[in-house]
Structures are given as structure tokens and as C-alpha cells.
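Take a look at the structure below.
Counting starts at 1 for both ligands and their atoms, in listed order.
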Amino acid sequence: MIKSKRNFPNLRYFYGLIEWKLPTLNRRKLATSKAQTIEDLALLAKKRVPKVVYDFVEGSALDEIGYSRSQLALRSVEFNSRTLRDVSTVDSSEMFFGKKVDLPIIFAPTGYTRLMQHVGEPAVAAVAERNNLIYCLSTMGTTSPAELAAAVPDARRWFQLYVMQNRTDSLAVIKQARESGFEALILTVDTPVSGLRLRDLRNGLTIPPRIRLSTVFAIARKPMWWINLFTTKKLEFAAFRGWDKSLVELAATIFSPALSFDDVKWLQKEWKGPIIVKGIQSVEDAKLLAKMGVQGIVLSNHGNRQLDRGPVPIEILPDVVKAVGKKLDIYIDGSVMSGQDAYAAIALGAKAVLVGRAYLYGLMADGERGVEKAVELLRRDFINTMALTGNRNLKEVRETGAVLRKTS
Ligand SMILES: Cc1cc2nc3c(=O)[nH]c(=O)nc-3n(C[C@H](O)[C@H](O)[C@H](O)COP(=O)(O)O)c2cc1C
């Protein structure tokens with residue numbers, strides 16, 4: 001039997017191993033720093049916010065079948081891989097309308113963001129600014145375009161638009177985006193009517209939250225969230241501040257069931273900058289929009305919050321790329337929970353992915369620091385996968401490609 005030769009302990013070696021830094025006493029900060037996946041952040045988020053808020057973010061429409069299908073489909077993508085290529089320098093940047101962004105990952109528009117955490121949109125956009133990423137503000141944002149521009153003047157800001165039932169109302173919103181220096185419009189078209197989110201209906205979600213007997217228990221369970229709610233400015237659709245309408249009335253006018261291709265044409269006249277149409281779920285619609293000359297489309301089912309059991313975005317991506325990839329930019333979203341998920345979409349030909357829940361989990365878990373952590377994790381896995389597949393830039397990622405494996 002082979003034995004190890006023993007000696008006196010080497011004190012200098014032992015001393016060198018000691019970590020002198022004191023651990024932080026901030027438990028929240030510590031927990032965030034230990035997260036290794038977006039799912040870890042989601043677990044922390046669940047502990048920090050009331051159930052009704054967590055469910056609003058995590059939930060999707062009806063039986064939530066489409067969401068798990070999207071997740072499974074993304075995870076089933078197999079990466080082609082090259083070796084013996086020098087990957088000492090890996091460049092994950094991409095150009096958007098003539099300017100460079102550090103990762104092909106965009107902060108998707110999410111309504112009511114201050115419900116998740118009291119700072120909300122500015123906290124997320126500050127992370128975008130620091131990391132040279134793009135932030136997209138929702139029409140249903142709880143921070144106005146002007147407030148956001150003032151908070152993060154150097155962030156690349158896009159604005160998500162719902163063409164409302166009354167075009168004059170839409171024009172008033174577009175004007176705010178233009179005057180506050182928003183660079184591009186994302187027109188969301190998958191909301192002719194509101195999706196049926198059963199978790200929200202069961203939880204009796206209202207914005208702002210109603211105070212009921214059950215609220216008292218909810219406050220006892222998550223006191224910090226409630227203290228922040230009561231001690232910061234009120235929750236409202238900030239782009240409509242001063243309008244003589246209740247939140248319920250506003251929500252009802254924001255979605256137009258009459259939305260059609262004519263509205264896209266109308267918008268092209270009203271907005272001279274880039275227009276990206278979000279919520280496309282077929283090759284046919286992608287072709288029509290390419291013909292109309294929009295700058296991009298987002299293959300999206302609204303994170304499965306609208307139509308359940310619709311087409312899975314990543315599964316239609318290769319056909320859409322083949323049909324219109326040379327004519328417009330193709331973005332994609334839904335269930336992107338890691339840098340590897342993002343990589344899968346880029347390798348199959350997307351220009352960039354949008355992420356929604358991934359950053360909202362970080363925001364709920366630990367505010368701006370949690371969003372920063374989400375970006376750190378997405379970036380870490382994306383760059384690591386680029387190096388391990390032998391790709392030095394996104395052009396090579398798309399050339400090397402990936403295989404969409406059947407999930408059923
Ligand atoms: C809480 C929440 C609110 C959202 N609000 C909007 C919105 O106001 N406008 C919009 O176009 N999309 C909205 N979305 C959809 C996102 O822009 C995006 O399509 C979706 O979140 C992508 O899926 P993922 O969350 O799995 O990343 C929302 C999504 C979530 C989770």
C-alpha cells in the first residue's frame with residue numbers, strides 16, 4: 001500500500017490559505033452573492049415578496065403548458081462545437097442601430113415593475129447602463145419615460161408601445177418616448193385582448209394591492225415589501241399620470257382588439273426611428289412585416305402570458321431566419337433563464353434575446369444588486385459557452401450553429 005510521507009505542518013502555507021475578509025453581515029447581500037443560477041434568485045425572490053406578486057411574475061396563461069414547452073425546447077437545443085481555435089479573447093458584443101452593446105441580451109418590457117420592488121424600472125435600467133445593455137420600458141411602466149431618462153441618461157433606452165384604442169392616446173405616449181430620447185419602439189401585437197392568468201384571478205390580484213383582512217397576514221409575513229410600498233411614491237401607470245381615468249379603465253383602453261397591419265403602417269408614419277414588432281408567432285406574419293420594412297420582429301408569446309399552447313418561439317426561429325433573416329433583425333424571447341438558453345437562440349440565428357422574468361427574479365430578490373447578479377450569471381454562462389464551443393464572436397456562434405432536438 002502506498003503511503004504519503006508526513007512532515008510538520010507548513011505554517012506559511014497554512015497562513016496563506018486563510019481568508020482574512022470578514023463575511024458580510026447583510027444576509028440579503030450574502031444570499032445574492034451565493035446564487036449560481038437564475039433559479040437560485042427565483043427562490044430568494046419567493047421569500048421576499050408576497051405570493052400574489054411572485055405569482056404575477058412567474059405565472060403564465062391558463063394551464064401554463066406553453067411556458068414549460070418553451071423551457072423544454074430551449075433546453076433541448078444541442079450546441080455544435082469546434083475545437084483547436086484560439087479562444088483567449090471572446091467578444092460577445094453585437095451592433096444595434098450602429099452602436100455596440102456588450103451582450104445580445106436585452107431587458108424586456110415589463111409592466112408594473114415597481115410592484116416587484118419599490119425602485120423598479122430605474123434599478124433595472126441602471127444595471128443596463130453599467131453593463132452597456134439595452135433597457136426597454138413598458139407602456140404600462142410604473143416610471144414615466146421622462147423619469148427614466150433623468151435617472152439613467154446614458155442607458156440605451158427603447159420604448160414598448162401598445163397601440164391603444166384611441167390613436168390620440170397612443171400619440172401622447174409616443175411623444176413622451178420621443179421627447180425623452182428613446183431610440184427605438186417595440187410595438188407589442190400579441191395582446192388583442194388580455195391573456196387569462198389563472199394565478200392572478202385566484203389570488204385576486206389588483207393594482208395597487210387592495211387592503212383586505214388577508215393583507216394583514218401578508219404584511220406580517222413580508223413586512224419590508226409592504227413598508228417599501230407604503231413609504232414610496234404610489235403605484236401607477238406613470239406614462240398616463242394626470243389622466244382622468246382609473247387604473248382599470250386605463251388597462252381596458254391600452255389593449256386594442258382592432259389592432260391590425262394598418263396600425264403598423266400608421267406607426268411607421270408617426271415614428272421615424274426603428275420599429276420592432278413584438279409577439280410574432282408565424283413565418284407568414286414575419287414575411288408580411290419584412291415586406292412592410294419594419295426593422296425587426298420579436299418571436300414571442302409574451303412569456304406565455306397571452307395565448308397558451310401557441311407556437312414555441314425557438315421552434316419556429318430557424319424557419320423565420322430562413323424566410324426573412326436577410327431582411328430584418330430577428331429577436332426572440334420566452335423562458336430564457338440562463339446564458340446557455342441565450343446562446344441556443346443566437347446559435348439558431350437570432351440577433352438577440354429579450355429576458356423578462358430572469359431579471360425580475362433578481363429585482364425581487366435583492367433590488368438593483370439582484371438584477372446585477374442576474375446579468376453576471378447570464379454573462380458568465382454565455383461567455384463560457386462561447387469559449388467551450390470554440391467561438392470568438394457572435395458571427396462564429398451563428399456559423400457554428402446548433403441543433404433543435406425534438407421535444408416530443
Ligand atoms: C411581469 C411581466 C410583465 C410584463 N409586461 C409586459 C408589458 O407591459 N409589455 C410587453 O410587451 N410585454 C410584457 N411582458 C412580456 C415580456 O416583455 C417578455 O415577452 C417575456 O417576459 C419573455 O419571457 P420570460 O419572462 O420568460 O423571459 C411582461 C412579462 C412579465 C413576466
Side-chain angles (χ1 to χ4, degrees), residues 38-39 41-42 45 49 52-61 64 66-75 105-117 120-121 124 134-143 158-164 173 184-192 194-195 197 199-200 203 205 207 235 237-240 250-251 254-256 259 276-281 297-307 310 312-314 331-339 341-342 344-345 350 352-364 371 374 378:
I38 300 293
E39 283 79 10
L41 289 175
V49 301
V52 58
V53 175
Y54 185 85
D55 276 353
F56 172 62
V57 172
E58 187 186 68
S60 50
E64 306 193 347
Y67 189 78
S68 29
R69 278 188 189 156
S70 291
Q71 208 167 29
L72 187 61
L74 269 175
R75 290 184 173 198
I105 298 178
I106 294 171
F107 290 98
T110 57
Y112 309 114
T113 312
R114 290 191 50 246
L115 179 72
M116 290 49 137
Q117 194 263 354
E121 291 89 353
V124 184
I134 294 167
Y135 176 77
C136 185
L137 178 68
S138 162
T139 293
M140 293 166 108
T142 39
T143 301
W158 291 1
F159 188 77
Q160 177 268 321
L161 183 78
Y162 287 117
V163 170
M164 300 166 70
V173 175
L185 276 192
I186 291 204
L187 170 68
T188 299
V189 297
D190 56 8
T191 51
S194 186
R197 292 173 214 141
R199 293 200 209 192
D200 297 347
N203 290 335
L205 172 73
I207 313 267
L235 275 178
F237 294 144
F240 305 98
L250 268 176
I254 285 175
F255 294 162
S256 169
L259 190 71
I276 298 160
V277 183
K278 172 170 178 279
I280 299 309
Q281 305 186 48
I297 52 172
V298 188
L299 301 181
S300 168
N301 59 17
H302 217 102
N304 210 62
R305 297 163 73 79
Q306 287 294 115
L307 172 70
V312 172
I314 194 80
Y331 302 82
I332 186 167
D333 76 13
S335 317
V336 173
M337 286 293 143
S338 69
D341 289 344
V353 298
L354 276 66
V355 292
R357 293 178 182 88
Y359 77 78
L360 289 177
Y361 290 138
L363 184 69
M364 292 189 289
V371 180
L378 291 167

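- Residue I106 holds its CD1 atom at 6.5 Å from CD1 of I276, rounded to the nearest 0.5 Å.
- Nearest protein neighbour of atom 18 (C) of ligand 1, counting heavy atoms only, is D333 OD2, 3.2 Å.
- Of the heavy atoms in I186, none comes closer than 4.0 Å to ligand 1.
- Distance from atom 15 (C) of ligand 1 to its nearest protein heavy atom, with residue and atom name: H302 CD2, 3.6 Å.
- Under a 3.5 Å cut-off, the side chain of S70 and the backbone N or O of V312 do not form any donor-acceptor pair.
- Of the protein's heavy atoms, R357 NH1, 3.4 Å lies nearest to atom 24 (P) of ligand 1.
- For R305 (side chain) and V57 (main-chain N/O), a donor-acceptor pair under 3.5 Å exists by modelled atom type.
- To the nearest 0.5 angstrom, D333 atom CG is 5.5 Å from K278 atom NZ.
- A distance-only check finds no donor-acceptor pair linking the side chain of R199 to the backbone of Y54 [under 3.5 Å].
- Contact annotation: for T110 versus ligand 1, heavy atoms closer than 4.0 Å belong to both the backbone and the side chain.
- Looking only at heavy atoms of the protein, atom 5 (N) of ligand 1 is closest to G111 N, 2.9 Å.
- Ligand 1 places these atoms under 4.0 Å from at least one heavy atom of Y67: 26 (O).
- Ring pair F237/Y112 is tilted by interplanar angle, where 30° to 60° counts as tilted.
- Heavy-atom proximity to S300, at under 4.0 Å, picks out these atoms of ligand 1: 19 (O).
- In this structure, Y162 counts as a contact residue of ligand 1, since one of its heavy atoms falls inside 4.0 Å of the ligand.
- Of the N and O atoms on the side chains of T191 and Q306, not one donor lies less than 3.5 Å from an acceptor on the other residue.
- Put simply, the side chain of R197 never gets that close to the backbone of F56: no donor and acceptor are under 3.5 Å apart.
- Looking at S60, A358, S335, G303 and measuring to atom 26 (O) of ligand 1, the nearest heavy atom belongs to S335.
- To the nearest 0.5 angstrom, T143 atom OG1 is 6.0 Å from R114 atom CZ.
- E121 places a side-chain N or O within 3.5 Å of a backbone atom of T142 that can act as its donor or acceptor partner.
- When hydrogens are left out, the protein atom nearest atom 11 (O) of ligand 1 is T188 OG1, 2.7 Å; that is the closest non-hydrogen contact.
- Shortest non-hydrogen contact noted between N203 and D55 is ND2-OD2, 2.9 Å.
- Distances below 4.0 Å separate heavy atoms of G334 from the following atoms of ligand 1: 22 (C), 23 (O), 26 (O).
- The shortest contact between atom 12 (N) of ligand 1 and any protein heavy atom is with K278 NZ, 3.0 Å.
- Shortest contact from atom 31 (C) of ligand 1 to any protein heavy atom: R305 NH1, 3.5 Å.
- Taking only non-hydrogen atoms, the option from P109, S70, S138 nearest to atom 6 (C) of ligand 1 is P109.
- Looking from atom 27 (O) of ligand 1 to the surrounding protein, the closest heavy atom is G356 N, 2.9 Å.
- Every atom of ligand 1 with a heavy atom of F56 under 4.0 Å away is listed here by number and element: 1 (C).
- Those atoms of ligand 1 with a heavy atom of V57 less than 4.0 angstrom away are 31 (C).
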